[in-house]
Amino acid sequence: MEGAVRVQILSQGISEVPSQYIQPPKNRPGSVTENIADLSCKHVPAVDLSSEKESVLPAIREACRDWGAFHVINHGVPTKLLDDLRRACFSFFNDFPMEDKLKYACNPNFAASEGYGSRLLVSSENETVLDWRDYFDHHTLPLSRRNPSAWPHFPPEYRELMANYSDEMKALVQRLLALMSESLGLKASCIEDAVGEFYQNITASYYPPCPRPDLTLGLQSHSDIGAITLLMQDNVGGLQVLKDGEWLLVDPLPNAILVLVADQTEIITNGQYKTCVHRAVTNASKARLSIATFHDPAKTVRISPVSDLLLFCTVCNKEEE
């Protein structure tokens, strides 16, 4: 059982935050208004997957090259499943006694331990600074890792919803990686072949209201180490992406799923598609929930650039000379 105090408990009835949650001045988000959507002046692209492929491919190519992130709409994942899973995850964090939730606490002796915790990602610059969030991490794929008995049994539909969502996310990722491959002129299976069998984790993050959003971060700046991440937000918002040296808020888009290019895909595409650096800010008045589905390469796979893209870059360099 993880011994860390849950942020949800710390957040109750305080006007200041404990020192271990205060970010160094250079990392602080600055003034954050309650209506965070008003701060966005540029928008992460949205790609309609129901459109003709002739329009989808260039849209994905531009988004992956310029942003490393894009929303997908009309993606085929049932809206009811999205709503029900959001509701179940929020209910776990918000509606049940802490003593019951702690029965699913992470084991602090193992890295990336499955379960309920509060300390998952810590800045390499300052390991004493903590994120203002609680989370539940689920090991979902391959199926040999999936053990629903390690997931909450309350609310009662939680486990079935999480398993169904895992399967839907795998299908969507396979579709997206095929489109991303084709957008680079590669065969549809190219990136997925390079990744191998997916190691999928689903992390539900709960960000309690924070009295000092100007001093804290819900999740510190990072890029994801895997191949691709799919993120479902609620309507509160708080995710920021780094674009041209500027932090931009990602407005929640109803029923959309946010796609984040991760480190291994940047390698596989030889840098043509950029990993997305992102973070989460806190909110003074509202709790926020997000559900991130990480897809990492198989543990035995060695990741390297696709040979066709190495050849392409060699030709481009010769032309420039």
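From a predicted model like this one, the values you see are computed outputs, not experimental measurements. Just the heavy atoms: all of them, side chains too, but no hydrogens, waters or symmetry mates, feed the values below.
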Does a side-chain heavy-atom distance below 4.5 Å link Val281 with Tyr207?
no
Does the His153 side chain pair with the main chain of Trp151, one donor and one acceptor, at a distance under 3.5 Å?
no
Do any N or O atoms from the side chain of Glu114 and from the backbone of His139 form a donor-acceptor pair under 3.5 angstrom?
yes
Using 4.0 Å as the upper bound for N to carboxylate O, is an ion pair formed by Lys80 and Asp83?
no
Give the intermediate values and the outcome of side-chain contact (heavy atoms from CB on, under 4.5 Å) for residues Asp234 and Ser290.
CA-CA 6 Å; Asp234 62 9; Ser290 68; over 6 Å; no
Checking Arg6 against Tyr116: charged group under 6.0 Å from the ring centre and within 45 degrees of the axis?
yes
Using side-chain heavy atoms (C-beta onward) and a distance below 4.5 Å, is Ser166 in contact with Leu141?
yes
Taking the side chain as C-beta and beyond, is there a heavy-atom pair between Val47 and His71 under 4.5 Å?
no
Return yes if a side-chain donor-acceptor contact under 3.5 Å exists between Ser183 and Tyr273, otherwise no.
yes
Parallel under 30°, tilted from 30 to 60°, perpendicular over 60°: which one fits the rings of Trp132 and Tyr21?
perpendicular
To check you understand the geometry: which heavy-atom pair defines the closest contact between Val44 and Leu258, and what is its length?
CG1-CD1, 4.0 Å
Do Leu184 and Leu49 share a hydrophobic cluster, counting only Ile, Leu, Val, Met, Phe, Trp and Tyr and linking them when any side-chain heavy atoms are less than 4.5 Å apart?
yes
Using modelled atom types only, decide if a donor and an acceptor are shared between the side chain of Arg86 and the backbone of Gln233 within a distance under 3.5 Å.
yes
Check the side chains of Thr140 and Arg146 for a donor-acceptor pair under 3.5 angstrom, ignoring hydrogens and angles.
no
Here the pair of heavy atoms bringing Tyr104 nearest to Ala150 is CD2-O, 3.5 Å
Among side-chain atoms of Gln264 and Asp296, is any donor-acceptor pair under 3.5 angstrom?
no
Roughly how far, to the nearest 0.5 Å, is the CG atom of Asp131 from the OG atom of Ser118?
10.0 Å
Do side-chain atoms of Thr265 reach the backbone of Val261 as a donor and acceptor pair under 3.5 angstrom?
no
Can you tell me if Ile225 has over 12 outside heavy atoms packed within less than 6.0 Å of its CD1?
no
Can you see which heavy atom on Gln12 is nearest to which on Gln8, and at what distance?
CG-O, 3.3 Å
Intermediate values then yes/no, side-chain contact (heavy atoms from CB on, under 4.5 Å), Leu239 and Leu231
CA-CA 10 Å; Leu239 179 73; Leu231 183 73; 3.6 Å; yes
Between Phe294 and His138, is the ring centre distance below 6.0 Å?
no
Can you tell me how far OH of Tyr199 sits from NZ of Lys299, rounded to the nearest 0.5 angstrom?
6.5 Å
Can you list, pair by pair, the side-chain donor-acceptor contacts under 3.5 Å of residues 186-197, counting residues two or more places apart and other chains?
from: Ser189; atom 1: OG; to: Asp193; atom 2: OD2; distance (Å): 2.9
from: Glu192; atom 1: OE2; to: Gln174; atom 2: NE2; distance (Å): 3.1

Proximity of Phe96 and Phe154 rings by center, below 6.0 Å
yes
Quick check: is Val236 connected to Leu253 through a chain of hydrophobic side chains (ILVMFWY, heavy atoms under 4.5 Å apart)?
no
Run the ring-centre check on Tyr206 versus Tyr135 and record whether the distance is less than 6.0 Å.
no
If you draw a 6.0 Å radius around CD in Glu52, do more than 12 non-hydrogen atoms from other residues or ligands fall strictly inside?
no
Hphob cluster co-occupancy, Leu219 + Leu242, side-chain heavy atoms under 4.5 angstrom:
no
Tell me whether Arg159 contacts the main-chain N or O of Asn147 through its side chain, where contact means a donor paired with an acceptor under 3.5 Å.
no
Polar side chain donor-acceptor pair, Gln240 to Arg279, under 3.5 angstrom:
yes
Does Lys274 qualify as a cation-pi partner of Trp67, given the criterion of NZ or CZ under 6.0 Å from the six-membered ring centre and within 45 degrees of its axis?
no
Any idea which heavy atoms bring Ala284 and Pro209 closest together, and the distance?
O-CB, 3.8 Å
Looking only at atom types and distance, does a side-chain atom of Arg133 sit under 3.5 Å from a main-chain N or O of Leu217, one as donor and one as acceptor?
no
Would you say the side-chain atoms of Asn270 pair up with the backbone N or O of Pro305, donor to acceptor, closer than 3.5 Å?
no
Examine distances only and state if a side-chain atom of Asp263 and a backbone atom of Thr275 form a donor-acceptor pair shorter than 3.5 Å.
no
Using a 3.5 Å distance criterion without hydrogens, assess whether the side chain of His278 forms a donor-acceptor pair with backbone atoms of Cys276.
yes
Are Ser285 and Asn283 linked by a side-chain donor-acceptor pair shorter than 3.5 Å?
yes
Aromatic ring proximity, centroids under 6.0 angstrom, Phe93 and Phe136:
no
For Arg212 and Glu16, indicate whether the former's side chain and the latter's backbone hold a donor-acceptor pair under 3.5 Å.
no
Once rounded to the nearest 0.5 Å, what's the spacing between atom CD1 of Ile228 and atom CG of Leu172?
8.0 Å
